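Shown next, in structure tokens, is the structure this report addresses.
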Amino acid sequence: MDLQDDEDSDSEAVLLPAGPPRHVAEHSFMGMDAIEVDSDDEVIVDRAIQTITVPRKDTHVQLTRLYVSHFLSKWGDRMWEFAIALLLIEIWQDSLLMAAIYGLTSTMAIVLLGSVVGHYVDTHARLSAVRWSVFLQNAAILVCMITTVSIISVGDTMSAGAYYFCIAVIMGTAATADVGALIGTLAVERDWVKVVTAGDSELLARTSAILRRIDLTCQLVAPLVVGLVMQFTGSATATGKTMGALLIGGWNLVAMVPEYLLLIRVYNSYPALQAPKQPTAVRAESSLLQTMFRQFITLARGWRVYFQQSCALAGVALALLYCTVLSFHTIMTAYLYYRGISESLLSVARGAGAITGVGATFIFPPLQRRLGLTRTGSLASILQLGCLVLAFVSPFMADTGQGDCSSVAPAEYDDCISGRNREIVMLSLGVVASRTGLWLFDLAVSQMLLERVPEGVVATVSGVQGAIQSIMDMLAFVLGVIFSDPADWAILVYTSFGFVALSAACYALFAARDKVQKGYQGLAQDLAMEPM
């Protein structure tokens with residue numbers, strides 16, 4: 001096979017020293033298997049020369065399209081994630097129960113379907129997966145918004161049957177939206193990005209950091225927009241909540257089309273994305289038993305593949321961080337709102353957490369180059385645990401079992417309010433400061449899963465990772481259901497801190513094993529190089 005010069009080619013060739021003739025399918029360079037030749041992504045093996053693909057010249061254009069599409073998706077997600085906690089506390093006042101049930105339903109869907117969704121992404125056409133993701137996510141949020149507004153507006157006049165039907169619709173559409181989001185994450189952030197970056201580790205790290213930065217920026221600004229809309233249209237009335245919900249629903253309806261069209265542009269620019277996926281060892285011929293119990297077989301197979309990976313323990317450490325209420329998500333937002341924090345102040349606190357998280361996306365690339373992924377993860381784990389000590393001691397600042405300060409004696413009212421303020425400030429500061437360590441850790445482990453997992457099972461492993469994270473998330477919401485009384489908040493704080501500490505211990509074990517394994521590999525290489 002001759003390498004022909006083509007000035008208009010979208011890819012660049014790197015010449016390697018001549019080696020023994022091999023078949024393309026068997027060739028490997030630096031652990032990357034060769035693939036079939038196409039016009040954009042090319043791997044050529046010859047007796048005289050060998051070439052590998054480097055990122056295309058227009059990669060920045062394609063990545064920009066991915067970034068814009070990612071922004072359109074995440075902006076709607078973050079607006080709804082913030083608003084739903086406030087809407088649910090409006091529906092079911094003086095309790096965190098509804099917010100906990102909402103989160104529990106969503107995470108149960110990911111636990112049950114995470115591996116199956118990953119297998120679907122691995123085995124089906126890339127564009128089909130993205131199409132389902134965009135439709136399910138946006139349509140489900142729109143239906144959930146309409147239903148929630150209906151309950152807030154006319155819930156008092158509804159029959160009991162209609163009321164609980166609407167509650168069921170809210171829970172069901174929440175689960176559907178999360179499944180749609182998972183499909184998009186696995187398809188675009190885990191699969192498409194690897195194709196577009198063409199195996200360039202540094203570009204992959206930078207791309208992952210930018211995607212995370214977009215997410216955190218949306219987490220910073222989107223709640224501010226929703227909070228201000230609710231605040232200035234009447235936070236104490238149903239009107240403010242309705243306006244916020246209508247803003248979110250309108251965004252998802254309008255953004256759905258450009259989000260999908262941008263992804264199509266990227267898809268059409270890469271023949272490698274359009275090519276049928278190659279079968280892997282995870283896939284097998286269907287038998288009658290497999291046909292009858294396909295989902296269960298796929299589920300078990302996915303979990304087995306996951307725990308065969310060298311970085312599985314690091315993934316488990318990341319998942320343990322999801323069993324927490326110490327984040328500005330549904331339960332903690334509902335608790336702070338119950339304590340009298342306004343929508344605008346809640347959005348500011350959430351935004352401050354996003355700022356520290358965005359900082360992590362700038363720190364990660366140079367830190368990863370200097371320390372490596374494993375040591376970056378260790379540093380991030382310690383940083384997060386140290387910052388959360390503030391949140392751990394926050395319940396001691398006030399008697400959380402005391403209930404509302406309005407019920408205390410007049411002589412103790414000022415002390416109660418002062419204690420509540422100290423508790424809220426320390427809780428918020430601890431959570432905000434910990435976001436840098438959290439997102440550094442997330443970026444480090446996520447890149448390990450991308451780099452160390454074989455390409456054919458990336459989505460399957462990522463699906464199981466999502467399922468484990470959702471199990472931990474679900475456990476946090478189960479605890480929220482059990483301890484739904486705000487007076488029991490301290491129990492949730494202490495339990496959450498315990499899981500963060502367990503995560504740090506788990507990752508320390510992984511780092512120690514990884515160091516030993518690399519030591520053995522280095523020793524084996526040294527022995528192999530010694531003359532016989």
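Both backbone and side-chain heavy atoms feed into the values below; hydrogens, waters and symmetry mates do not. Keep in mind that what you see is a predicted model, and the values were worked out from it rather than measured.
Side-chain atoms of Thr173 come within 3.5 Å of backbone atoms of Val169 as a donor-acceptor pair (strictly under, hydrogens ignored).
Ring centers of Phe510 and Tyr507: under 6.0 Å apart, within the cut-off.
Scanning for salt bridge (Lys or Arg N to Asp or Glu O under 4.0 Å) contacts around Asp215 gives Arg78, with sequence neighbours left out. Partners of Glu189 by salt bridge (Lys or Arg N to Asp or Glu O under 4.0 Å), not counting sequence neighbours: none found. For the side-chain contact (heavy atoms from CB on, under 4.5 Å) test, residues two or more places apart in sequence or in another chain that qualify with Leu479 are Phe483, Leu492, Thr495.
The local environment of CH2 in Trp192 is crowded, with over 12 non-hydrogen atoms from other residues, nucleotides or ligands closer than 6.0 Å. Enclosure of atom OH in Tyr494 by more than 12 non-hydrogen atoms of other residues, nucleotides or ligands within 6.0 angstrom is indicated.
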### Query
Can you check side-chain hydrogen bond (donor to acceptor under 3.5 Å, both in side chains) on Tyr306 and Gln465, steps first, answer last?
CA-CA 8 Å; Tyr306 177 87; Gln465 176 68 29; 2.5 Å; yes
Inset, instruction - Begin with the C-alpha distance, continue with both residues' side-chain angles, and end with the deciding distance and a verdict on side-chain hydrogen bond (donor to acceptor under 3.5 Å, both in side chains) for Arg131 and Tyr260. - result: CA-CA 7 Å; Arg131 186 184 300 118; Tyr260 181 60; 3.0 Å; yes
* Start with the C-alpha distance between Gln137 and Asp77, add both sets of side-chain angles, then the distance that settles side-chain hydrogen bond (donor to acceptor under 3.5 Å, both in side chains), and finish with yes or no. => CA-CA 9 Å; Gln137 194 173 3; Asp77 285 352; 2.5 Å; yes
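For the pair Gln309/Met448, no side-chain contact is recorded, criterion being any heavy-atom separation below 4.5 Å from C-beta on.
The list of side chain to side chain donor-acceptor pair (under 3.5 Å) pairs with a residue in residues 314-327, not counting sequence neighbours, reads Tyr322-Gln469, Ser327-His329. Annotation: salt bridge (charged side-chain N to carboxylate O under 4.0 Å, His left out) contacts involving residues 432-448, sequence neighbours excluded, comprise Arg212-Asp442.
With values rounded to the nearest 0.5 angstrom, Thr197 atom OG1 is found 7.5 Å from Leu63 atom CG.
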Identify all side-chain donor-acceptor contacts of residues 359-366 below 3.5 Å with residues at least two apart in sequence or on another chain.
| from | atom 1 | to | atom 2 | distance (Å) |
| --- | --- | --- | --- | --- |
| Thr361 | OG1 | Arg213 | NE | 2.8 |
| Thr361 | OG1 | Val358 | O | 2.6 |

